[in-house]
Amino acid sequence: MGLKTKGFDDLDKKLNALGNVGRKVGQKAVREGMKPILEQMKKDAPNNPKGISSLGLTYKKTKGAKALKVTKVKTYAKTGTTIIRAGIDKSNWDETKHLYFHHYGYENKGLKGKFKGVRVNTHVGWVTKSFNHKKEEGMKRMTEVIQSEIDNIIGK
């Protein structure tokens with residue numbers, strides 16, 4: 001007595017394709033998920049486009065927010081985990097180093113030492129605030145990309 005089956009080859013191919021979906025989709029999904037967060041970081045970044053301080057002093061005009069970018073996307077071979085980094089790193093340090101110090105705070109040494117020792121905390125945590133503000137939207141975009149890619153593999 002024999003048993004006849006149909007479609008197992010197609011099912012096997014689809015299951016094999018789904019097994020690798022994480023590696024295929026990971027980078028695309030995290031890049032898409034980072035877009036709203038990076039846009040918010042550029043909006044929230046401390047900015048001085050006119051080059052004038054609150055005391056009326058002239059400073060170098062800053063355009064560091066425009067230099068914020070995705071700095072690293074990596075998929076680990078062993079675990080399949082994909083990570084993304086955005087913001088400030090060595091590739092854009094010269095344009096963005098002031099933003100780094102604004103995020104963590106710094107000691108003022110301005111006006112020939114008159115303000116020496118005064119801690120500046122005006123914009124502390126702006127990167128974290130940007131992330132927290134847009135992380136839900138980023139997760140939603142990542143989910144949409146993953147669902148779309150799975151649908152493409154399945155053939156919907």
Side-chain angles (χ1 to χ4, degrees), residues 16-154 156:
N16 285 335
L18 281 173
N20 296 322
V21 76
R23 294 180 195 277
K24 292 177 184 176
V25 177
Q27 287 195 1
K28 185 176 180 181
V30 295
R31 281 186 185 278
E32 186 64 31
M34 182 53 77
K35 285 180 183 177
I37 296 167
L38 188 58
E39 289 167 13
Q40 188 66 39
M41 285 172 63
K42 289 180 178 185
K43 288 179 189 173
D44 292 347
N47 193 1
N48 189 3
K50 295 179 182 175
I52 299 172
S53 76
S54 59
L55 297 173
L57 301 172
T58 303
Y59 287 102
K60 180 180 172 187
K61 294 180 182 180
T62 60
K63 297 178 183 173
K66 291 180 181 177
L68 294 172
K69 62 181 181 177
V70 171
T71 57
K72 182 177 185 178
V73 180
K74 181 177 181 179
T75 302
Y76 291 94
K78 201 171 198 178
T79 62
T81 303
T82 301
I83 59 133
I84 189 165
R85 293 187 182 149
I88 302 166
D89 78 344
K90 63 183 177 184
S91 70
N92 62 359
W93 177 252
D94 289 335
E95 299 90 5
T96 60
K97 63 183 167 188
H98 65 285
L99 298 176
Y100 174 87
F101 293 108
H102 276 288
H103 177 71
Y104 291 105
Y106 59 94
E107 182 181 313
N108 193 339
K109 296 180 182 177
L111 284 178
K112 298 179 183 175
K114 186 175 182 180
F115 295 111
K116 186 170 174 58
V118 175
R119 183 122 176 103
V120 178
N121 294 324
T122 309
H123 303 287
V124 169
W126 68 269
V127 174
T128 306
K129 290 174 190 170
S130 296
F131 174 77
N132 288 336
H133 185 72
K134 290 291 184 172
K135 69 181 174 184
E136 295 300 323
E137 185 178 339
M139 291 293 288
K140 183 179 176 188
R141 286 193 188 187
M142 283 176 49
T143 303
E144 289 169 357
V145 168
I146 293 168
Q147 286 174 341
S148 162
E149 292 298 317
I150 290 173
D151 288 347
N152 288 342
I153 290 170
I154 291 174
K156 280 190 175 179

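Remember, it's a predicted structure, so these values are computed and weren't measured experimentally. Note that the numbering runs from 1 along the sequence shown for the chain.
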Report summary line: So CD of Glu136 and CD1 of Ile37: to nearest 0.5 Å the spacing works out to 10.0 Å
**Report entry** Shortest non-hydrogen contact from Ser130 toward Asp44
**Finding:** OG-OD2, 2.7 Å
Report summary line: Value for OH (Tyr100) from CD1 (Ile88), rounded to nearest 0.5 Å, stands at 8.5 Å
**Report entry** Sidechain-backbone polar pair: His103 side chain, Val127 backbone, donor-acceptor under 3.5 Å
**Finding:** yes
Query - Spatial distance of atom CG (Leu68) from atom CD (Glu39) [nearest 0.5 Å] - result: 12.5 Å
Query - Side-chain heavy-atom pair Val124, Tyr104 within 4.5 angstrom cut-off - result: no
Report task. Indicate yes or no: at least one non-hydrogen side-chain atom of Glu149 is less than 4.5 angstrom from one of Lys28. Result -> yes
Query raised in the report: Which atoms form the tightest heavy-atom contact between Ala65 and Ala45, and what is the distance?
Result: CB-CB, 3.7 Å
**Report entry** Chi angles and distances behind the salt bridge (charged side-chain N to carboxylate O under 4.0 Å, His left out) call for Glu32, Lys35
**Finding:** CA-CA 5 Å; Glu32 186 64 31; Lys35 285 180 183 177; 3.2 Å; yes
Requested in this report: Any chance you could lay out the side-chain contact (heavy atoms from CB on, under 4.5 Å) test for Tyr76 and Thr82, step after step, and finish with the verdict?
Outcome: CA-CA 6 Å; Tyr76 291 94; Thr82 301; over 6 Å; no
Query raised in the report: Does Glu137 pair with Arg141 as a salt bridge, N-O distance under 4.0 Å?
Result: yes
Query raised in the report: Can you check whether Lys69 reaches Ser91 side chain to side chain, under 4.5 Å on heavy atoms?
Result: yes
Requested in this report: Check for a donor-acceptor pair, side chain of Asn92 on one end and backbone N or O of Gly87 on the other, with a separation under 3.5 Å.
Outcome: yes
Query raised in the report: Do any N or O atoms from the side chain of Thr71 and from the backbone of Arg85 form a donor-acceptor pair under 3.5 angstrom?
Result: yes
Query raised in the report: How far does CG of Leu38 sit from CD1 of Ile84, to the nearest 0.5 angstrom?
Result: 8.5 Å
Report summary line: d(Met41 CE, Thr96 OG1) to nearest 0.5 Å is 9.5 Å
Report task. Output, in order, the C-alpha distance, side-chain angles, deciding distance and verdict of side-chain contact (heavy atoms from CB on, under 4.5 Å) for Thr81 and Thr75. Result -> CA-CA 6 Å; Thr81 303; Thr75 302; over 6 Å; no
Query raised in the report: Run the side-chain contact (heavy atoms from CB on, under 4.5 Å) check on Ile83 and Val73 step by step: do they pass?
Result: CA-CA 6 Å; Ile83 59 133; Val73 180; over 6 Å; no
Query - Shortest non-hydrogen separation from Ala86 to Met34 and the atoms involved - result: CB-SD, 3.8 Å
Query - Over all atoms of both residues, closest heavy-atom pair of Gly64 and His98 - result: CA-CE1, 3.8 Å
Query raised in the report: Counting N and O atoms only, with roles assigned by atom type, does the side chain of Trp126 sit under 3.5 Å from a partner on the main chain of Leu99, one being a donor and the other an acceptor?
Result: yes
